[in-house]
Amino acid sequence: MRAKLMLTLVATAAAMAFPPISSAARTEGDAALTGIVSSEAEGKMEGVVVTARRAKSIVEVSMTTDAQGRYSFPRSHLQPGEYTLSIRAVGYDIESPAAATVADEDAATADIKLKKTKNLAGQLTNAEWMMSIPGTEDQKAGLLNCVGCHTLERVVRSTHDSDEWTHVISRMMGYGAVSQPIKPQRMLDRDRAGTPEQYRKLADYLATINLSATDHWQYELKTLPRPKGRDTRAIVTQYDMGRPTTEPHDVLVDKEGKVWYTDFGEMFIGKFDPKTLERVEYPIKKFKDKAPTGLLSIEFDRNGKIWFDTMYQGALGNIDPQTGKIAYYPVPAEWNDDTVQLNFSGLRHDVDGKVWTKSVGTQHIFRLDLKTGKWERFHPTDYLPKATAPARASIYQVISDSQNNLWMAEFQAGHLGKIDAKTTKVTWYPVPTPNARARRMQIDDQDRITVTEYRGNKVAVFDTRAEKFTEYDMPPRTYPYRANFDKNGEIWASTMHTDRVVRLDPKSGNAVQYLMPSDTNMRTVFVDNSTTPVTFWVGSNHDHRLVKVEPLD
């Protein structure tokens, strides 16, 4: 492969790569490191996440304590050496630095003492802030968009009054979705920032929940319960992807076990080998020098190529995983203005040779004929039913069915829409829960669509042939971003709020929630059905990591 096509990075700890997981290794009988976590306040503590990291390694492994307060790391996941230990348990800090030496044979032991934290606010998740702050659900809904770039802690710790907030919100609305506090990126389309006064209602509310008029919050800080029972039975492995500006967003796992991901903050597609810890970054072309950088979605087409969007750069592209060759498809100049923000692709071009995509700025849908290079443009939100249409409709994701009909998730009120590939007729279906905010979708081989209801806190399945919805409730405050079914019929969902991976049995309604070791801000999930039990992958969008979750049952 030509050097200019890629940048290869090998972790300094590559020699410590972990072997594939066998079914035996998923048991806790062959432990490398064990211990008891306790505190003066509670004694032995269940549901504490314990993380082990070896010096200079890009890998962190985490286990959660059981009902007896015991954690146990399987030998398959910890190579011999010196490890530092850290914990996550809301309301607690580690009493003193903890470390352990893992040897070849006998299990190491390291008991950990915890103490009550003096900074509970610094430990709360976005969901816990939403639980704590006063206000109606409609008022709190204004905060659901804030967590894409930063945590809600930044909002409640601020000292802005209402007048200041109107300008702050307008400035924030002018940043691209690819922004983060250490790398804000202004959109070229200044109109999307709006005017300060149009945010007065939200500004008035935010000034009541922050520190603009007091030196302490006038409400009780509430926390979610720690994991218990099955919630504690998983191995979580995090892989550091290097630069703090790297934001792993969408994740795919190929047949060889390589993990592909888009960088939401920079112009790269990454490929990571969990066995060798080798990382390859494929630089993606910039088409607009002053526009925000970053990529969102990646999907395999039927020919094995990986398609991606370049968002504010105004082009689609695909990469051949075998050769690294990249092809680009920019929007025609007459439509490629500052409003263009391409997200997602409809990839059943094996049916008719055409690829779909959509632009956020004006809610246009585009269709590209790969043979002729001709682009078409549509505006399907014009056809939303008046009774349920929001004031400012927006399409979040698009996806193709087996006939290359395009399906659209309308984000503001919550609709699924269809553009017929042959007639271009537009049909919209309101989701059962009002104002649910339909977000990410997955489609199966029977054209059933799984869609998350972000504000509705549900996952819905739409049978496109019977035109019927079935909804499943998520645990409170999950606000699911994306959900996939696994081979056993269970639903796995990600969230930008609770730092918990949700595993739902749709038959019983019972949910397992695996607490992550850090603020993950999860986006797109990938369920690897080749393992038993299945393995869950997700990007840690605010912590520049890839995350693997291996349930123990």
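Since the structure is predicted, the reported quantities are computational estimates derived from the model, not experimental observations. Excluded from the calculations below are hydrogen atoms, water molecules and symmetry mates; all remaining heavy atoms, backbone and side chain alike, are included.
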Do side-chain atoms of [X] reach the backbone of [Y] as a donor and acceptor pair under 3.5 angstrom?
X	Y	answer
Lys358	Ile395	yes
Gln397	Met441	yes
Gln442	Thr450	no
Ser359	Gln341	yes
Thr452	Arg440	yes
Asp263	Glu247	yes
Thr293	Met267	no
Glu60	Thr51	no
Gln313	Lys288	yes
Gln513	Pro227	no

Ion pair check, [X] and [Y], cut-off under 4.0 Å:
X	Y	value
Arg348	Asp350	yes
Lys115	Glu95	no
Lys354	Asp352	no
Asp273	Lys258	yes
Arg243	Glu281	yes
Asp30	Arg75	yes
Asp444	Arg448	yes
Arg503	Glu490	yes

Measuring from [X]:[atom1] to [Y]:[atom2], what's the distance to the nearest 0.5 Å?
X	Y	atom1	atom2	result
Thr498	Leu515	OG1	CG	8.0 Å
Arg88	Ser62	CZ	OG	10.5 Å
Thr64	Ile87	OG1	CD1	11.5 Å
Met241	Ile58	CE	CD1	5.0 Å
Phe344	Leu316	CZ	CG	12.0 Å
Trp129	Arg154	CH2	CZ	13.5 Å

Sub-4.5 Å side-chain heavy-atom contact between [X] and [Y]:
X	Y	value
Thr237	Val59	yes
Tyr472	Pro480	no
Phe264	Arg523	yes
Tyr261	Trp537	no
Val251	Val525	no
Asn404	Trp356	yes
Pro475	Val502	yes
His349	Asn303	yes

request  = Mind telling me whether Trp492 and Tyr514 have parallel, tilted or perpendicular rings, with 30° and 60° as the class edges?
outcome  = parallel
Closest approach of [X] and [Y], non-hydrogen atoms and distance?
X	Y	result
Ser494	Met522	CB-CB, 3.6 Å
Tyr239	Pro274	OH-CB, 4.0 Å
Ala177	Tyr312	N-OH, 2.8 Å
Lys113	Ser38	NZ-OG, 3.2 Å
Val236	Met516	CG2-CE, 3.8 Å
Asn521	Gly148	OD1-O, 4.2 Å

Under a plain distance cut-off of 3.5 Å, with no hydrogens placed, do [Y] and [X] share a side-chain donor-acceptor pair?
X	Y	answer
Thr245	Glu266	yes
Ser297	Asp309	yes
His544	Gln180	no

request  = May I ask you to check whether Phe287 and Tyr328 place their ring centres under 6.0 Å from each other?
outcome  = yes
Phe526/Trp260 aromatic ring centres below 6.0 Å = no
Mark yes when over 12 heavy atoms from residues, nucleotides or ligands other than [X] sit less than 6.0 Å from its [atom1]; otherwise mark no.
X	atom1	result
Lys44	NZ	no
Asp553	CG	yes
Lys487	NZ	yes

request  = Apply side chain to side chain contact (heavy atoms under 4.5 Å, CB included) to Met63 and Ile235, showing your working.
outcome  = CA-CA 6 Å; Met63 304 294 297; Ile235 306 169; 3.5 Å; yes
message = With side chain to side chain contact (heavy atoms under 4.5 Å, CB included) as the criterion, how do Leu277 and Phe272 come out once you've worked through the C-alpha distance, each side chain's angles and the decisive distance to 0.1 Å?
response = CA-CA 7 Å; Leu277 305 187; Phe272 177 70; 3.7 Å; yes
key: Stepwise side chain to side chain donor-acceptor pair (under 3.5 Å) check, Ser518 with Asp543   = CA-CA 8 Å; Ser518 62; Asp543 204 17; 3.0 Å; yes
task = Let me see the working for Asp93 and Gln123 under side chain to side chain donor-acceptor pair (under 3.5 Å), right down to the final yes or no.
result = CA-CA 10 Å; Asp93 292 321; Gln123 296 182 343; 3.0 Å; yes
message = Checking Leu152 against Glu128 for the side chain to side chain contact (heavy atoms under 4.5 Å, CB included) test, could you report, in this order, the C-alpha distance in whole Å, the side-chain angles of both residues, the deciding distance, and whether it holds?
response = CA-CA 10 Å; Leu152 292 185; Glu128 288 164 328; over 6 Å; no
key: Verdict with supporting geometry, Thr535 and Asp528, side chain to side chain donor-acceptor pair (under 3.5 Å)   = CA-CA 5 Å; Thr535 303; Asp528 185 355; 5.1 Å; no
ask   = Checking Arg437 against Phe411: charged group under 6.0 Å from the ring centre and within 45 degrees of the axis?
value = yes
request  = Determine, stepwise, if the pair Tyr92 / Thr117 fulfils side chain to side chain contact (heavy atoms under 4.5 Å, CB included).
outcome  = CA-CA 5 Å; Tyr92 289 89; Thr117 186; 5.7 Å; no
task = Report the C-alpha separation of Asp447 and Ser402 in whole Å, then their side-chain angles, then the decisive distance to 0.1 Å, and conclude whether the side chain to side chain donor-acceptor pair (under 3.5 Å) test is met.
result = CA-CA 7 Å; Asp447 287 341; Ser402 61; 2.7 Å; yes
